[in-house]
Undergrad: 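There's a structure below that I have some questions on.
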Amino acid sequence: MDSNSQDARFMARALELAQRGLFTTHPNPRVGCVIVCEGEIVGEGFHARAGEPHAEVHALRMAGERAKGATAYVTLEPCCHHGRTPPCSDALIQAGVTRVVAAMRDPNPRVDGGGEAVLCAAGVAVESGLLEAEARALNAGFSKRMTQGLPFVRLKWGASLDGRTALANGQSQWITGEPARRDVQFWRALSSAILSSAASVIADQARLNVRLTADELGIEGNVRQPVRVILDRELRLTPDLPILDGQGEIWIYTAALDTSRRAALLATGAHILDAPSSAEGLDLAFILRDLAAREINEVWIEAGARLGGAFLAQGLVDELIVYLAPVLLGHSARPLAALPEITQLNQAQHWQWQDVTRIGDDLRLILQPVRF
């Protein structure tokens with residue numbers, strides 16, 4: 001096997017390790033590391049949780065003395081700053097690693113190229129860019145937050161074959177089957193925050209939590225519950241709603257100043273955050289920027305046609321996840337999205353297929369916007 005093939009094989013293993021942190025690393029990136037000495041893997045590691053050792057540290061501990069003269073394959077440029085943990089670039093140098101292959105540069109401005117510079121200054125050979133697309137996809141939310149000050153936004157819908165999300169009377173449970181609803185739980189679990197409207201939360205008596213066990217997610221320790229974000233311009237939420245059960249963080253964005261309603265919701269443990277508002281509703285771009293400032297990497301939206309349509313109309317959605325059921329609900333049923341009317345086809349939004357998978361009797365469609 002030539003050296004390029006070997007490098008790709010070892011980096012693929014590092015990416016596989018990084019995936020083990022899918023549900024746990026928030027707000028940190030998912031990172032895997034493999035230490036190779038004379039063609040043999042002598043150390044492996046991945047980053048599990050913020051505040052715990054990084055992938056490189058775990059791999060170096062396993063490698064021990066065999067790290068001297070070895071190559072480290074890391075899915076993200078080793079850090080060079082003191083954060084919750086010490087710099088990984090220093091740890092690699094002290095262990096005697098002589099070559100580092102990184103899948104991508106760290107988009108964090110505190111690192112971006114700095115880790116490579118520290119390693120090079122110490123005489124370590126550094127290469128970057130191997131399987132970069134795969135590494136970027138693994139940390140799309142972290143990268144977008146670091147480079148644009150925004151989280152990666154996924155909008156989820158469950159719909160009928162004719163693109164309807166509920167009957168005219170609002171009944172929607174259940175259009176899709178149990179396997180599709182279970183699949184949604186995994187997407188919730190990998191998200192930093194789950195966002196919905198007060199109208200949807202009230203109508204569905206929703207909890208918007210992760211209902212899978214640690215064993216089902218393949219993790220150790222407790223299941224991390226994403227922050228539940230509710231957009232409630234007029235503070236319609238009441239303390240008796242199931243979502244306000246004191247379990248997990250609730251952030252309510254509002255423009256209302258009613259002190260008694262605020263006090264009642266604050267008493268449940270919820271946080272109330274002010275957002276600018278207009279006749280169209282709360283300022284969605286402001287809310288996303290604020291979420292990013294609060295270290296939210298990935299937002300999973302479960303909402304009705306109006307709020308989902310607003311995010312789409314403003315170009316704020318990075319990925320659509322649509323569960324399509326083989327049923328027809330008719331033209332009077334509620335549509336997927338309330339979008340502004342267009343008069344020319346060249347005004348239409350264009351999306352490109354990323355994946356189509358059968359989930360039980362339903363199809364899961366994943367699409368991303370076409371960027372012209």
Undergrad: Do the side chains of Phe152 and Phe286 join up, straight or via other hydrophobic residues, at under 4.5 Å, putting them in one cluster?
TA: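 Shared cluster, no.
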
Undergrad: Side chains of Thr238 and Asp240 only: does a donor on one sit below 3.5 Å from an acceptor on the other?
TA: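 The answer is yes; a qualifying pair exists.
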
Undergrad: Passes side chain to side chain contact (heavy atoms under 4.5 Å, CB included), Leu155 versus Ile321? Steps please.
TA: CA-CA 6 Å; Leu155 174 59; Ile321 314 287; over 6 Å; no

Undergrad: Whether the side chain of Asp162 engages the backbone of Leu329 through a donor-acceptor N/O pair (distance < 3.5 Å, no angle test) should be reported.
TA: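 Yes, because the side chain of Asp162 sits within donor-acceptor range (under 3.5 Å) of the backbone of Leu329.
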
Undergrad: Between Glu298 and Trp300, is any side-chain donor less than 3.5 angstrom from a side-chain acceptor?
TA: no

Undergrad: Salt bridge check: are Asp318 and Arg371 linked by an N-O gap of less than 4.0 Å?
TA: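 A salt bridge links Asp318 with Arg371.
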
Undergrad: Apply the test side chain to side chain contact (heavy atoms under 4.5 Å, CB included) to residues Leu231 and Leu307: give CA-CA distance (whole Å), side-chain angles for both, the deciding distance (0.1 Å), then the verdict.
TA: CA-CA 9 Å; Leu231 308 194; Leu307 182 57; 3.9 Å; yes

Undergrad: Mark yes or no for whether Gln205, through its side chain, and Pro242, through its backbone, hold a donor-acceptor pair below 3.5 Å.
TA: no

Undergrad: Given 3.5 Å as the limit, does a donor-acceptor pair link the side chain of Asn139 with the main chain of Arg30, or not?
TA: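 Yes, the answer is positive, given that a donor and an acceptor are paired below the 3.5 Å cut-off.
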
Undergrad: Closest approach of Ala102 and Leu76, non-hydrogen atoms and distance?
TA: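 Closest heavy-atom pair between Ala102 and Leu76: CB-C, 4.5 Å.
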
Undergrad: So, Glu216 and Arg182, do they make that salt bridge, N to O below 4.0 Å?
TA: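 Salt bridge flag = yes for Arg182 with Glu216.
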
Undergrad: Would you find more than 12 non-hydrogen atoms of other residues, nucleotides or ligands less than 6.0 Å from Arg211 atom CZ?
TA: yes

Undergrad: Under a 4.0 Å threshold between the charged nitrogen and the carboxylate oxygen, would Arg262 count as salt-bridged to Asp274?
TA: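 Looking at Asp274 and Arg262, the cut-off is met.
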
Undergrad: Say you draw a straight line from CG of Asp204 to CG of Leu241; how long is it, rounded to the nearest 0.5 Å?
TA: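 Rounded to the nearest 0.5 Å, the CG-CG separation comes out at 11.5 Å.
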
Undergrad: Counting heavy atoms not belonging to Glu220, are there more than 12 under 6.0 Å from its CD?
TA: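 Result for CD/Glu220: open.
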
Undergrad: Spell out, yes or no, whether Phe46 and Leu92 are grouped together once hydrophobic residues are joined by side-chain heavy atoms under 4.5 Å, including indirect joins.
TA: no

Undergrad: Using modelled atom types only, decide if a donor and an acceptor are shared between the side chain of Ser191 and the backbone of Ala193 within a distance under 3.5 Å.
TA: no

Undergrad: Side-chain donor-acceptor pair under 3.5 Å between Trp187 and Gln185, yes or no?
TA: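 There is no such pair (donor and acceptor under 3.5 Å, judged by atom type) between the side chains of Trp187 and Gln185.
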
Undergrad: Quick check: closest heavy atoms across Val74 and Pro78, and the distance to 0.1 Å?
TA: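 Distance-wise, the nearest heavy atoms are CG2-CG, 4.5 Å.
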
Undergrad: Is Met11 reachable from Val36 through a run of hydrophobic residues whose side-chain heavy atoms are each under 4.5 Å from the next?
TA: yes

Undergrad: Can you tell me if Thr75 uses its side chain to pair, donor with acceptor, with the backbone of Gly32 under 3.5 Å?
TA: yes

Undergrad: Donor-acceptor pair, Asp283 side chain versus Ser277 backbone, under 3.5 Å?
TA: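 Checking the backbone N and O of Ser277 against the side chain of Asp283, no donor-acceptor pair under 3.5 Å is found.
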
Undergrad: Does Leu208 offer a backbone N or O that forms a donor-acceptor pair with the side chain of Arg228 under 3.5 Å?
TA: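 Absent.
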
Undergrad: Rounded to the nearest 0.5 Å, how far apart are NE2 of His58 and NE2 of His54?
TA: 9.0 Å

Undergrad: Assess whether side chain to side chain donor-acceptor pair (under 3.5 Å) is satisfied between Asp215 and Thr213, documenting all intermediate values.
TA: CA-CA 5 Å; Asp215 285 344; Thr213 65; 5.2 Å; no

Undergrad: Could you check whether any side-chain N or O of Thr268 sits under 3.5 Å from a backbone N or O of Leu244, counting only pairs where one atom can act as donor and the other as acceptor?
TA: no

Undergrad: Is there side-chain contact between Arg154 and Leu320, with at least one heavy-atom pair below 4.5 Å?
TA: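 Contact flag for Arg154/Leu320 side chains = no.
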
Undergrad: Give a yes-or-no answer on whether the side chains of Asp232 and Tyr253 include a donor-acceptor pair shorter than 3.5 Å.
TA: no

Undergrad: Take Arg289 and Leu150 through the test side chain to side chain contact (heavy atoms under 4.5 Å, CB included) and record every step on the way to the result.
TA: CA-CA 5 Å; Arg289 288 193 299 271; Leu150 291 167; 3.6 Å; yes

Undergrad: Could you check Arg224 against Asn222 for side chain to side chain donor-acceptor pair (under 3.5 Å), going step by step and ending with a plain yes or no?
TA: CA-CA 6 Å; Arg224 177 188 59 83; Asn222 296 326; over 6 Å; no

Undergrad: Run through the side-chain heavy atoms of Ile, Leu, Val, Met, Phe, Trp and Tyr, join any pair under 4.5 Å, and report what else lands in Leu345's cluster.
TA: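 Joined to Leu345, directly or through intermediates: none.
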
Undergrad: Under 3.5 Å, which donor-acceptor pairs do the side chains of residues 127-138 form with other protein atoms, sequence neighbours left out?
TA:
from: Glu127; atom 1: OE1; to: Arg99; atom 2: NH2; distance (Å): 3.2
from: Glu127; atom 1: OE2; to: Arg99; atom 2: NE; distance (Å): 2.9
from: Glu127; atom 1: OE2; to: Arg99; atom 2: NH2; distance (Å): 3.1
from: Glu132; atom 1: OE2; to: Arg136; atom 2: NE; distance (Å): 3.0
from: Glu132; atom 1: OE2; to: Arg136; atom 2: NH2; distance (Å): 3.0

Undergrad: Got a sec, which hydrophobics cluster with Met146, joining ILVMFWY side chains under 4.5 Å apart, including via others?
TA: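 When side chains under 4.5 Å apart are linked, the cluster holding Met146 also contains Phe142.
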
Undergrad: Say you draw a straight line from CD of Glu56 to SG of Cys79; how long is it, rounded to the nearest 0.5 Å?
TA: 6.5 Å

Undergrad: Closest heavy-atom contact between Thr176 and Ala159?
TA: CG2-N, 4.4 Å

Undergrad: Establish, from distance only, whether the side-chain atoms of Gln368 and Gln352 form a donor-acceptor pair under 3.5 Å.
TA: no

Undergrad: Report the C-alpha separation of Ile366 and Trp353 in whole Å, then their side-chain angles, then the decisive distance to 0.1 Å, and conclude whether the side chain to side chain contact (heavy atoms under 4.5 Å, CB included) test is met.
TA: CA-CA 6 Å; Ile366 303 180; Trp353 301 106; over 6 Å; no

Undergrad: Does the distance from a Lys or Arg side-chain N to an Asp or Glu carboxylate O, for Asp290 and Arg294, drop under 4.0 Å?
TA: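 Yes, charged N to carboxylate O under 4.0 Å.
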
Undergrad: Are Leu15 and Ile35 co-members of a hydrophobic cluster defined by side-chain heavy atoms under 4.5 Å apart?
TA: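 Result: no, two separate clusters.
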
Undergrad: Shortest non-hydrogen contact from Pro326 to Asp362?
TA: CD-OD1, 3.4 Å

Undergrad: Please find the pair of heavy atoms, one from Leu316 and one from Ala285, that lie closest to each other, and give the distance.
TA: CD1-N, 4.0 Å

Undergrad: Determine whether a donor-acceptor pair (N or O, by modelled atom type, separation under 3.5 Å) exists between the side chain of Arg364 and the backbone of Val322.
TA: no

Undergrad: Closer than 3.5 angstrom, by distance alone: can the side chain of Arg105 be matched with the main-chain N or O of Glu116 as a donor-acceptor pair?
TA: no

Undergrad: Between Arg13 and Glu16, is there a side-chain N and carboxylate O pair less than 4.0 Å apart?
TA: yes

Undergrad: When rounded to the nearest 0.5 angstrom, what is the spacing between CD1 in Ile41 and CZ in Arg66?
TA: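 Separation between the atoms: 11.5 Å.
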
Undergrad: Would you compute the distance between atom CG of Leu235 and atom OG1 of Thr254 and round it to the nearest 0.5 angstrom?
TA: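 Rounded to the nearest 0.5 Å, the CG-OG1 separation comes to 3.5 Å.
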
Undergrad: Report yes or no: do Asn297 and His26 form a side-chain donor-acceptor pair below 3.5 Å?
TA: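 His26 and Asn297 do not have a side-chain donor-acceptor pair below 3.5 Å.
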
Undergrad: Rounded to the nearest 0.5 Å, what's the gap from OH on Tyr73 to SG on Cys33? Could you check?
TA: 11.0 Å

Undergrad: Might you point out which heavy atoms bring Glu302 and Ser196 nearest each other, and give the distance in Å?
TA: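 So the two residues come closest at O-OG, 2.6 Å.
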
